[in-house]
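All of these numbers come straight from a predicted model, not from anything done at the bench. The first residue of the sequence shown is numbered 1, and numbering continues consecutively from there.
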Amino acid sequence: MSTVVARPNVPVKVVRVVPGRRFDHFFFSAMALLMLATVFWGFAATYYLAGVFRAPLPSLIIHLHGAAFSCWILLLVTQTSLVSAGRVDIHRRLGIAGFLLACLMVILGVLAATNSLVRNSGPPGSDAKAFYIIPLTDMLIFATLIFFAFRARSNPSTHKRLIFVGTVALMIAAIARWPIWSHRNPITAALCSYVFLLILVAYDLWSTRKVHRATIWAGAFLIFVQQIRIPIAHTAAWHSFATWVQSIAR
């Protein structure tokens, strides 16, 4: 019989195992549902509970815009649910339709923004020409991130984060319409939408002890564009551009 003698002076190294990616399915499914709740709360009174296509919206293009963007949120919930259920095959086939929907959303988003510009519509007290930059740059952010997400579809961790951050760019319109606000302020809504980014950063740190590079560059791109657009919106050059678009659209 042999005896193993422990050496008390030798330090024992404790290895901490990080959760890794095994909770990704739960996290992104939960975040998709949170985004769905965010959108519903913002547009419940004026759109969803008002009968959707029977809602008193100012034009057909706004109806189509609302329907397409609602379909995107529902598709996001469906796609994350399919991955959680292990049906990646269906998820990939729907992904092609999702990319085509995203392209349609960008077109409808620009048309809806231009329609609002022609009607001089916007938050109370705001300059319609200055406000025009808000939806346009949101479409720029969304289109850029969804394009790179489509290219990175063979890299799931990058793909899902780009989709997530791209969708965050769409949250401002819903957040600005929450009934808790006394007026629609895109700056306040943008700052509130960054909570989604903070949650993603916290999840990255918890799951892998580092922030995913897609989270970093996509989040930085979103914040950068959203922060520089307000000063640009009040320049003479932007007002000239908005005036030209307004005259052409009319």
Minimum heavy-atom distance [X]-[Y], with the two atoms named:
X      : Y      : answer
Ile187 : Asn185 : N-OD1, 2.9 Å
Ile61  : Ala112 : CG1-N, 4.1 Å
Ser81  : Val77  : OG-O, 2.7 Å
Cys192 : Ile175 : CB-CG2, 3.9 Å
Gly98  : Leu75  : CA-CD2, 3.4 Å
Thr167 : Met35  : CG2-SD, 3.6 Å

**Asked** Side chains of Asp127 and His234: is there a donor and an acceptor less than 3.5 Å apart?
**Response** no
**Prompt:** Going by atom types alone, do Ser157 and His212 pair a side-chain donor with an acceptor below 3.5 Å?
**Reply:** yes
Mind checking whether [X] and [Y] sit in one hydrophobic cluster, side chains of I, L, V, M, F, W, Y counted as touching below 4.5 Å?
X      : Y      : answer
Val201 : Trp206 : no
Val118 : Val245 : no
Val195 : Ile73  : yes
Ile216 : Phe148 : no
Phe147 : Leu100 : no

Measure the acute angle between the ring planes of [X] and [Y], then classify it against the limits of 30° and 60° as parallel, tilted or perpendicular.
X      : Y      : value
Tyr132 : Trp238 : tilted
His159 : His91  : perpendicular
Phe43  : Tyr47  : perpendicular

**Request:** For side-chain contact (heavy atoms from CB on, under 4.5 Å), just list the numbers for Leu145 and Trp217, CA-CA rounded to whole Å, side-chain angles, deciding distance to a tenth of an Å, and then say yes or no.
**Result:** CA-CA 10 Å; Leu145 296 181; Trp217 81 258; 3.8 Å; yes
**Message:** Walk me through whether Phe142 and Trp72 qualify under ring pair (Phe, Tyr, Trp, His ring centres under 6.0 Å).
**Reply:** CA-CA 12 Å; Phe142 178 75; Trp72 175 263; 5.2 Å; yes
About how many Å separate [atom2] of [Y] and [atom1] of [X], when rounded to the nearest 0.5 Å?
X      : Y      : atom1 : atom2 : answer
His25  : Ser84  : NE2   : OG    : 6.0 Å
Ile146 : Arg151 : CD1   : CZ    : 14.5 Å
Leu82  : Ser29  : CG    : OG    : 9.5 Å
Leu60  : His63  : CG    : NE2   : 7.5 Å
Leu76  : Cys71  : CG    : SG    : 12.5 Å
Ile141 : Phe221 : CD1   : CZ    : 6.0 Å

Check whether any side-chain N or O of [X] sits under 3.5 Å from a backbone N or O of [Y] as a donor-acceptor pair, and report yes or no.
X      : Y      : value
Ser121 : Leu117 : no
Thr158 : Asn155 : no
Arg177 : Ala173 : yes

**Message:** For a side-chain hydrogen bond (donor to acceptor under 3.5 Å, both in side chains) check, start with the C-alpha distance between Tyr48 and Ser70, then their side-chain angles and the critical distance, and finish with the verdict.
**Reply:** CA-CA 10 Å; Tyr48 298 115; Ser70 298; 2.7 Å; yes
So [Y] and [X], do their side chains get closer than 4.5 Å, heavy atoms only?
X      : Y      : result
Phe69  : Leu74  : no
Leu101 : Met105 : yes
Phe23  : Ser207 : no
Ile199 : Phe27  : yes
Thr80  : Lys160 : no
Leu49  : Phe40  : yes

**Request:** Please assess Thr215 against Leu197 for the test side-chain contact (heavy atoms from CB on, under 4.5 Å), listing each intermediate value before the final yes or no.
**Result:** CA-CA 8 Å; Thr215 301; Leu197 300 181; over 6 Å; no
**Message:** Using side-chain contact (heavy atoms from CB on, under 4.5 Å), reason through Met31 and Leu34 one step at a time and then give a plain yes or no.
**Reply:** CA-CA 5 Å; Met31 294 308 296; Leu34 181 59; 3.9 Å; yes
**Asked** Among all residues two or more places apart in sequence or in another chain, which pass the side chain to side chain contact (heavy atoms under 4.5 Å, CB included) test with Arg229?
**Response** Ile133, Ile134, Thr137, Asp138, Ile172, Gln226
**Prompt:** Do any pairs count as a salt bridge (Lys or Arg N to Asp or Glu O under 4.0 Å) and have a residue in residues 68-96, sequence neighbours left out, and if so which ones?
**Reply:** Arg87-Asp89
**Prompt:** So Leu136 and Val110, side-chain contact (heavy atoms from CB on, under 4.5 Å) or not? Walk me through it.
**Reply:** CA-CA 6 Å; Leu136 287 194; Val110 173; 4.1 Å; yes
**Prompt:** Testing Arg161, Arg213, Lys210 for side-chain hydrogen bond (donor to acceptor under 3.5 Å, both in side chains) with Asp204, which one passes?
**Reply:** Arg161
